[in-house]
Amino acid sequence: MNNLLARCSHLFPSLREAWYAIPLRLLVGYGFMEHGYAKLARGPDSFAGILHALGMPAPMLLSWTTVIVELLGGLAVFVGAFVPLATVPMAFVLLVATFTVHLPNGFSSIKLQSVTADGAHFGQPGYETDLLYLAGLAALVLGGSGPLALDRFFMRRSGEMGRTSAGPISTRVAPAATPAPVHRH
C-alpha cells in the first residue's frame, strides 16, 4: 500500500499542504450549523422541553447555549477561523448528546425498522455520527484548518510565527554549514 501511495504522491502534492481539511471543514461546519438552525427554527423552547425531559439542569439556558455553540462553532469551522477554540464547546455538546441520548441506542446511526408504501421507517440513531463529528474536529485541531482558512489570513495580517489552527508553519532551520575537510599532504 505504501508503494502505491508513493507512486501516486506526485499526482496529489498538495495533500501534504492539508487540502484534506477543506471538505472536512465544510461538512463538519455545515452539519453543526444545520443542527443549530433546526433547533432555532423549531424554537429553543421546544429543545428546552426535550432537555427538561432528559433531566438536564437549566434546560432553557442549555438550549440557547447549544444553539449558539452549533451556529457559531459550525461557522468558525466552516470558514476555518479559531478552530481549536471553537472545538472545545462543540466537543462538549457532542459528548453530552452521546451520553444522554445516543448511547442507549447502540452504535449505528441508521436503524431501518420497516419499509411500507409510505417509505422507509427508521429507529432512534446511535452514537456513530457523534463519533464521526468528534473525529472530524480532532483531525482539524491536530492537522490544521488547511488552505483557504481564515486563520491563515489572520496569521498573515498579524505576522505571527509558529503554529495556528490553519496548520503547521515550517520552522525548520537550515543546517549550519560544515567546514570542508582539510587535506594535508
Side-chain angles (χ1 to χ4, degrees), residues 1 4-5 8 12 15 18-149 165 167:
M1 185 63 157
L4 177 63
L5 291 174
C8 297
F12 306 105
L15 286 178
W19 282 91
Y20 74 88
I22 293 174
L24 191 57
R25 268 193 2 241
L26 297 177
L27 184 61
V28 171
Y30 177 78
F32 266 88
M33 289 188 297
E34 180 66 28
H35 285 275
Y37 177 74
K39 289 174 182 71
L40 190 62
R42 288 186 203 110
D45 293 342
S46 176
F47 185 56
I50 293 168
L51 294 173
H52 178 72
L54 291 170
M56 300 296 289
M60 192 55 132
L61 176 64
L62 289 179
S63 175
W64 276 103
T65 302
T66 302
V67 168
I68 290 168
V69 165
E70 289 178 344
L71 288 173
L72 295 182
L75 180 62
V77 168
F78 190 85
V79 300
F82 314 109
V83 172
L85 184 63
T87 295
V88 174
M90 294 169 79
F92 184 76
V93 165
L94 286 167
L95 290 170
V96 169
T98 298
F99 288 105
T100 60
V101 177
H102 301 290
L103 193 63
N105 299 324
F107 177 76
S108 183
S109 62
I110 300 173
K111 294 197 174 83
L112 182 62
Q113 290 185 328
S114 66
V115 179
T116 65
D118 294 331
H121 301 276
F122 298 94
Q124 293 296 316
Y127 55 90
E128 176 182 10
T129 305
D130 295 337
L131 293 180
L132 288 170
Y133 273 113
L134 285 167
L137 289 171
L140 290 170
V141 169
L142 296 173
S145 301
L148 306 177
S165 66

A cation-pi test, strictly: NZ or CZ of K39 under 6.0 Å from the centre of the six-membered ring of F47 and no more than 45 degrees from its axis. Yes or no?
yes

The test is side-chain contact (heavy atoms from CB on, under 4.5 Å); show your working for L140 and T87 and say whether it passes.
CA-CA 9 Å; L140 290 170; T87 295; 5.9 Å; no

Gap separating the CZ atom of F32 from the CG atom of L137, nearest 0.5 angstrom
5.0 Å

Measure the spacing between CG of L72 and CE of M33 and express it to the nearest 0.5 Å.
10.5 Å

From T98 atom OG1 to L103 atom CG, the distance as rounded to the nearest 0.5 Å
7.5 Å

So, the side chain of S46 versus the backbone of R42: is there a donor-acceptor pair under 3.5 Å, distance only?
no

For P59 and H52, the nearest pair of non-hydrogen atoms, with its separation, is CB-N, 3.8 Å

For F78, which residues count as a ring-ring contact (aromatic ring centres under 6.0 Å, His included) partner, sequence neighbours excluded?
none

Looking at every heavy atom in both A120 and L112, which two are closest together, and how far apart are they?
CB-CD1, 3.8 Å

Determine whether more than 12 heavy atoms belonging to other residues, nucleotides or ligands lie under 6.0 Å from atom CD1 of I110.
no

Nearest 0.5 Å, what's the NE2-CD distance between H102 and E128?
11.5 Å

When rounded to the nearest 0.5 Å, the distance separating NE2 of H121 from CD of Q113 is 9.5 Å

By ring-ring contact (aromatic ring centres under 6.0 Å, His included), which residues pair with F92, not counting sequence neighbours?
none

